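Predicted model, so just to flag it, every value in this text is computed and none were measured.
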Amino acid sequence: MNTKSKKKKNKFFYRRLLALIFLLCIILFIIKFVRGRTFSDYKTVFPTLTTYEDDFKTKLFNIYNEKVYYSKGEGVAVFNASEGQKVPVGYEVCHLNLMEDVSSYKDQLAKINAALDLKKGIEPNEDSDSLKFNTGIQEIIRDKNYESIYNDIDSLNMENKVTYSASELKEYMDLSESELLMQKKKLESAIDKYNVSYNAEFSGIVSYKVDGTEDKFDIKKLNKIDYNYLKQDFNFKKLEMNSQVKENVPLFKIIDNFHWKIAATVDNISKIKNYHIGDIAKIEVDDSKMIYGTIENINKTKNKAVIIIDLDRYIEDMYPTRVHDGKIVVEKTKVYEIPKSSVIERDKLPGVFVQEIKGLVRFVPVEIISEKPESVFINRGNKQSVIQIGEKTYKTVTVNDAVVINPRTVDESRILN
C-alpha cells in the first residue's frame with residue numbers, strides 16, 4: 001500500500017473517533033439532563049432558632065439564721081403563734097406553766113400586799129367579806145385537769161383584794177415597808193420560776209417543724225459546709241407542736257426571713273467554670289419553681305464543690321423542708337433545633353445534608369450541644385456561622401438552609417462535597 005492511501009485511511013479513522021466521542025458527550029448530557037429533571041426534592045426542614053438552657057442536678061440545703069427555744073421544765077405550753085406566722089421582736093410565742101403548786105407563795109404575797117396597803121392608810125373593803133383568795137386554778141393543777149387550763153393557765157389575778165384579820169397580818173405589820181417590798185420581790189420571783197414566757201429575740205417566722213439539724217446548718221458555719229460535709233447522713237427529725245411537754249424538749253424556733261442561704265452541691269466543678277462570686281444563680285426547685293440568688297461563696301473539694309447562694313425571698317415556700325432536689329441553670333444561649341434523624345457522621349465529623357438546586361446536597365458540619373428524644377440542639381456559631389470542632393473551624397448551617405430530614409435517602413452521586 002502506498003503512502004498516500006495510508007494517510008487517507010488514518011484520517012478517516014480519526015474522524016470516526018471524534019464523531020464517536022462527540023456522540024457519547026451528547027448522550028451523557030441528555031442522560032444527566034433527564035435525570036436532573038426527573039429527580040424529586042428531598043424532605044427538608046429549616047433550623048428552628050430557640051433558647052437552650054444548660055443545667056445540672058443538685059441537692060439544695062437551706063441555711064438560716066435561726067434559734068430553737070427549749071422547755072425549761074415539764075408542764076403545759078400555751079402557744080400564741082401559728083406555723084409560719086411572722087412575729088416582731090419581743091413577741092410572746094409561748095407560755096409554759098411548770099405545773100407546780102404555788103398557792104402558799106401567792107397567799108403570802110396577798111398578805112404582804114394587804115399589809116402594805118394598811119401601812120399606806122388604805123383600809124380594806126368591809127363589803128368584800130365574800131371575796132376569797134382564788135385557788136381554783138391550783139385545784140385544777142393538782143387534779144391534772146389540763147384541758148381546763150390550756151388557754152388560761154395563769155389567769156389568777158393577784159390584784160384581787162382579800163380581807164384578813166389583824167392577827168393574820170401581825171407578823172407582816174411588824175416589818176418595815178422596805179422589808180415588805182423585799183419579801184414581795186422574792187415571792188414574785190419564786191412564782192415566776194414556774195411560769196416561763198418565751199419571747200422572740202428577733203423578728204422572723206415561727207416554726208414548730210424542728211428537725212434537729214439546726215446547729216449543723218448554722219449560718220455562721222458557712223466555710224465548713226463543703227461537698228463532703230453535705231454527703232454525711234443527717235438524722236432529720238419530725239418534731240411537732242405539743243401542749244404537754246417534757247423538760248429540755250424543743251418548743252419552737254424563730255427563722256430570720258430577711259436573711260437566709262442555700263448550699264447547692266456540684267458533682268463536677270467544670271460545670272461551674274464560668275461562675276464567680278457575685279454572679280446571679282438561677283435554680284429550679286423540686287421541678288416546680290424558679291428562684292434567683294447571689295453567689296456568696298464557692299467551697300471547692302478537689303473536683304467537686306458547694307455553691308453558697310444568698311437569698312432575700314422565697315423562704316415562705318422553702319422553709320418547711322430542709323433539703324430539696326433541684327437544678328442549677330448554668331447558661332442560657334440561642335441555638336438551632338433540628339430533627340435528630342438529620343444528623344449523620346462523615347469522616348468522624350457530625351453534620352447534616354443541606355439541599356442545593358436540582359436535587360444536589362452539600363454536607364455541612366454541626367456541633368451538637370444537647371439532645372432530646374426527637375431533636376438536637378446545635379451551635380449557631382459566630383456571626384459568620386463558623387464553629388470550631390477540635391482545632392479546626394467549619395462553616396455550619398444557617399437559618400435559611402434546608403436540612404435533609406432523612407440523609408439515608410441521598411444517593412452518593414448527589415453529594416457535592
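Aromatic ring centres of F353 and Y42 lie farther apart than the 6.0 Å criterion allows.
Note on K209 versus E66: no salt bridge recorded, every NZ/NE/NH1/NH2 to OD/OE distance being 4.0 Å or above. K340 has a carboxylate O that lies under 4.0 Å from a charged side-chain N of E371, or vice versa, which qualifies the two as a salt bridge.
In terms of the side-chain hydrogen bond (donor to acceptor under 3.5 Å, both in side chains) criterion, K221 has no residue partners (sequence neighbours excluded). Every residue meeting the ring-ring contact (aromatic ring centres under 6.0 Å, His included) condition with Y69, not counting sequence neighbours, appears here in chain and number order: F252.
Residues L230 and I225 are in side-chain contact: their nearest non-hydrogen atoms beyond the backbone lie under 4.5 Å apart. For the pair I344 and F363, the minimum side-chain heavy-atom distance is below 4.5 Å.
Checked by atom type, the side-chain pair T213/D211 shows a donor-acceptor distance below 3.5 Å. For the residue pair T50/K334, the side-chain donor-acceptor check at 3.5 Å is not satisfied.
The backbone N or O of T396 lies less than 3.5 Å from no partner atom in the side chain of R380, so there is not a single donor-acceptor pair. Looking only at distances, no side-chain donor or acceptor of T294 sits under 3.5 Å from a matching main-chain atom of G278.
Considering every non-hydrogen atom in both S82 and Y208, the closest pair reads C-CE1, 4.0 Å. Minimum heavy-atom separation, V376 to P339: CG2-O, 4.4 Å. In this structure, F46 and N400 approach most closely via the heavy-atom pair CE2-O, 3.3 Å. Across all their heavy atoms, S71 and Y198 have their closest contact at CA-OH, 3.5 Å. Across every non-hydrogen atom of N62 and H324, the tightest pair is ND2-NE2, 3.6 Å. The two atoms that bring H95 and S197 nearest to each other are ND1-OG, 3.6 Å, heavy atoms only.
Here the CD1 atom belonging to I112 is positioned 11.5 Å from the CE atom belonging to M182, to the nearest 0.5 angstrom. We find the CD1-CG distance between I254 and N65 to be 11.0 Å, quoted to the nearest 0.5 Å. Distance CG/N80 to SG/C94: 7.5 Å, rounded to 0.5 Å.
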Counting only pairs under 3.5 Å, give me each side-chain donor-acceptor contact of residues 300-313, with atom names and distances, residues two or more places apart or in other chains.
{"residue": "K304", "atom": "NZ", "partner": "D267", "partner atom": "O", "Å": "3.3"}
{"residue": "D310", "atom": "OD1", "partner": "K261", "partner atom": "NZ", "Å": "2.7"}

